**Student:** 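First the structure, then my questions, so here it is.
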Amino acid sequence: MRQKHLPQVILLVFVFGTFHRTHAQTYQQQERGILLYNLGSGLVIGGVGALINKKKGQDPWKVFLKGAGQGVMGGAINYSSKNITGMIASRENYLYGWAGRLTQSVGTSIIENAAANRNFWESYHFSYGPVRLEFDARSHYKPSVLVKPGALVGFVWLGTKGRFSAKYSLLSGAPVVLSDGPVRMFGSSFGGYAMGIVTAIDRSLIDDYALFAHEFIHIHQYEDFVGVNSFFDKPLNTFSQRSAAFNTFSKYVYLDLHAPLLLLTYRQLYNRAGSYYENWFEFEAEHFATQKLVPR
């Protein structure tokens with residue numbers, strides 16, 4: 001194995017290890033396991049990414065500790081944001097989707113900064129569908145708008161499953177598609193389905209607040225791994241310096257390279273799970289949506 005691939009391997013080992021460990025029998029144990037996962041994923045992404053983006057002359061150990069520490073801070077905020085999103089169901093109010101998404105934008109931004117070996121305040125972003133709004137300290141936090149191709153694929157794909165609802169998209173903080181009946185994906189039928197930062201829901205179930213919250217947690221899960229894109233900063237920056245066309249391209253497009261990796265990981269877990277909630281993503285989403293013990 002080449003040494004340069006070691007950080008990616010460490011990340012995957014941690015993630016898959018967590019997927020298979022958390023089979024706790026009480027709600028409190030499940031809650032602690034999910035908290036550990038969110039803190040740990042921030043730690044690994046922030047620490048490993050910081051090492052990858054270490055500058056010449058920097059001490060590797062100090063770089064890792066700083067990145068890991070910031071990653072844990074971002075992971076804690078992400079965990080809190082999912083609890084807020086769960087209030088969509090407990091309070092029966094779609095507006096908690098906005099509160100959760102705005103809170104998570106802070107957490108994921110901190111993790112992304114950590115993975116890029118930056119200070120936690122240097123860059124912040126918020127994504128709505130395939131559009132990413134960035135605020136960077138280097139440009140005095142002047143906003144810039146970029147398109148995310150991975151999220152755009154999900155946006156268009158789920159857009160074919162029904163009609164976009166302006167009402168629920170504005171109320172909740174993410175694009176919502178209402179389908180006339182169950183949402184068909186990969187040969188199966190679902191009451192709701194999220195892909196990237198858009199969700200499609202059977203219009204007859206739109207008042208099922210727990211289902212709505214469940215699908216919005218899937219949106220959070222997509223954002224959880226945004227920091228992985230910082231792993232590719234060095235090669236992409238080098239290519240941008242050598243290619244004027246790519247340099248122009250990168251000013252308007254944010255390559256969400258984690259999107260296909262996340263989709264493949266979800267499908268593998270979905271296909272291998274003996275029961276529906278053995279799939280970590282479904283388990284975590286149901287945990288926050290119902291705030292009850294989830295049988296696995």
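Only a predicted model underlies this, so the values are computations on that prediction, with no experimental measurement involved. In what follows, every heavy atom counts, from backbone to side chain, and hydrogens, waters and symmetry copies are set aside.
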**Student:** So, do Val48 and Ile52 sit near enough that their side-chain heavy atoms are less than 4.5 Å apart?
**Tutor:** yes
**Student:** Are the side chain of Glu215 and the backbone of Ala194 linked by a donor-acceptor contact shorter than 3.5 Å?
**Tutor:** yes
**Student:** When you compare the side chains of Tyr27 and Gln291, does any donor N or O come within less than 3.5 Å of an acceptor on the partner?
**Tutor:** no
**Student:** Might you work through the side chain to side chain contact (heavy atoms under 4.5 Å, CB included) test for Trp280 and Tyr266, ending with a clear yes or no?
**Tutor:** CA-CA 9 Å; Trp280 172 269; Tyr266 174 87; over 6 Å; no
**Student:** Check the hydrophobic clustering (I, L, V, M, F, W, Y; side-chain heavy atoms under 4.5 Å; chains of links allowed) and say if Tyr141 and Leu146 are grouped together.
**Tutor:** no
**Student:** Would you compute the distance between atom CZ of Phe288 and atom CD of Glu31 and round it to the nearest 0.5 angstrom?
**Tutor:** 7.5 Å
**Student:** Please examine the side chains of Pro60 and Lys54, heavy atoms only from C-beta on, and report whether any two atoms are closer than 4.5 Å.
**Tutor:** yes
**Student:** Any chance the side chains of Lys66 and Asn119 put a donor and an acceptor closer than 3.5 Å?
**Tutor:** yes
**Student:** So, do Phe212 and Val176 sit near enough that their side-chain heavy atoms are less than 4.5 Å apart?
**Tutor:** yes
**Student:** According to the interplanar angle, ranging from 0 to 90°, do the rings of His214 and His218 count as parallel (below 30°), tilted (30 to 60°) or perpendicular (above 60°)?
**Tutor:** perpendicular
**Student:** Say you draw a straight line from CD1 of Ile217 to CG of Asn83; how long is it, rounded to the nearest 0.5 Å?
**Tutor:** 8.0 Å
**Student:** Aromatic rings Phe246 and Phe239: how do their planes relate, parallel, tilted or perpendicular, breaks at 30° and 60°?
**Tutor:** tilted
**Student:** Would you call Asp224 and Lys82 a salt bridge, taking side-chain N to carboxylate O under 4.0 Å as the test?
**Tutor:** yes
**Student:** Does Val63 offer a backbone N or O that forms a donor-acceptor pair with the side chain of Gln58 under 3.5 Å?
**Tutor:** no
**Student:** Any donor-acceptor pair under 3.5 Å linking the side chain of Asn247 with the backbone of Ser243?
**Tutor:** no
**Student:** Using the rule side chain to side chain donor-acceptor pair (under 3.5 Å), only one of Lys161, Arg203, Arg163 pairs with Asp180; which is it?
**Tutor:** Arg203
**Student:** Do the side chains of Val226 and His125 get nearer than 4.5 Å, heavy atoms only?
**Tutor:** yes
**Student:** Is there a side-chain contact between Gln70 and Arg118 (heavy atoms, below 4.5 Å)?
**Tutor:** no
**Student:** Do Leu133 and Val198 sit in the same hydrophobic cluster, where Ile, Leu, Val, Met, Phe, Trp and Tyr count as joined when their side-chain heavy atoms come under 4.5 Å apart?
**Tutor:** no
**Student:** Fit a plane to each ring of Tyr193 and Phe186, take the angle between them on a 0 to 90° scale, and name the class: parallel (under 30°), tilted (30 to 60°) or perpendicular (over 60°).
**Tutor:** tilted
**Student:** Determine, using the 4.5 Å side-chain heavy-atom cutoff (strictly less than), whether Val156 and Val131 are members of one ILVMFWY cluster.
**Tutor:** no
**Student:** Is Ser80 reaching over with its side chain to a backbone N or O of Ala76, donor-acceptor style, under 3.5 angstrom?
**Tutor:** yes
**Student:** Would you say the side chains of Glu223 and Asn78 form a donor-acceptor pair under 3.5 Å?
**Tutor:** no
**Student:** Rounded to the nearest 0.5 Å, how far does CZ of Phe190 lie from OG of Ser179?
**Tutor:** 12.0 Å
**Student:** Run the ring pair (Phe, Tyr, Trp, His ring centres under 6.0 Å) test on Phe281 and Tyr222 for me, step by step, so that the C-alpha distance in whole Å, both residues' side-chain angles and the decisive distance to 0.1 Å come before the verdict.
**Tutor:** CA-CA 10 Å; Phe281 295 112; Tyr222 168 85; over 10 Å; no
**Student:** Would you check if Ile45 and His258 make a side-chain contact, meaning some heavy-atom pair closer than 4.5 Å?
**Tutor:** no
**Student:** Going by distance alone, is a donor N or O of one side chain under 3.5 Å from an acceptor N or O of the other, for Tyr276 and Glu282?
**Tutor:** yes
**Student:** Any non-hydrogen side-chain atom of His220 less than 4.5 Å from a side-chain atom of Thr108?
**Tutor:** no
**Student:** State whether the side chain of Trp98 and the backbone N or O of Leu170 hold a donor-acceptor pair below 3.5 Å, judged by distance alone.
**Tutor:** yes
**Student:** Other residues, nucleotides and ligands only: do more than 12 of their heavy atoms fall within 6.0 Å of NZ on Lys292?
**Tutor:** no
**Student:** Looking at CG of Leu255 and CZ of Phe232, how far apart are the two atoms once the value is rounded to the nearest 0.5 Å?
**Tutor:** 10.0 Å
**Student:** Kindly say whether Ala259 contributes a backbone atom to a donor-acceptor pair with the side chain of Asp256 at under 3.5 angstrom?
**Tutor:** no
**Student:** Is a side-chain donor or acceptor of Ser240 paired with a backbone partner of Asn237 at a separation under 3.5 angstrom?
**Tutor:** no
**Student:** Quick one: pull up CG in Leu262 and CG in Leu257 and give me the separation to the nearest 0.5 Å.
**Tutor:** 13.0 Å
**Student:** Taking only residues two or more places apart in sequence or in another chain, which ones pass side chain to side chain donor-acceptor pair (under 3.5 Å) with Lys148?
**Tutor:** Ser127
**Student:** Please check if Tyr254 and Phe126 belong to a single hydrophobic cluster, counting links between Ile, Leu, Val, Met, Phe, Trp and Tyr side chain heavy atoms closer than 4.5 Å.
**Tutor:** no
**Student:** According to a 4.5 Å side-chain heavy-atom criterion applied to Ile, Leu, Val, Met, Phe, Trp and Tyr, with indirect links allowed, do Val228 and Tyr124 form part of one hydrophobic cluster?
**Tutor:** no
**Student:** Which atom pair, heavy atoms only, marks the closest approach of Ala289 to Ala89?
**Tutor:** O-CB, 3.3 Å
**Student:** Does a side-chain heavy-atom distance below 4.5 Å link Ile197 with Arg101?
**Tutor:** yes
**Student:** Is the backbone N or O of Asp233 less than 3.5 Å from a side-chain atom of Asn53, with the two atoms forming a donor-acceptor pair by type?
**Tutor:** no
**Student:** To the closest 0.5 Å, what do you measure between CG (Leu211) and OG1 (Thr199)?
**Tutor:** 7.5 Å
**Student:** How close do Ser169 and Ser165 get, counting heavy atoms only, and between which atoms?
**Tutor:** OG-O, 2.6 Å
**Student:** Between Phe155 and Tyr128, is the ring centre distance below 6.0 Å?
**Tutor:** no
**Student:** Between Gly67 and Ala50, what is the shortest heavy-atom contact and its length?
**Tutor:** CA-CB, 4.0 Å
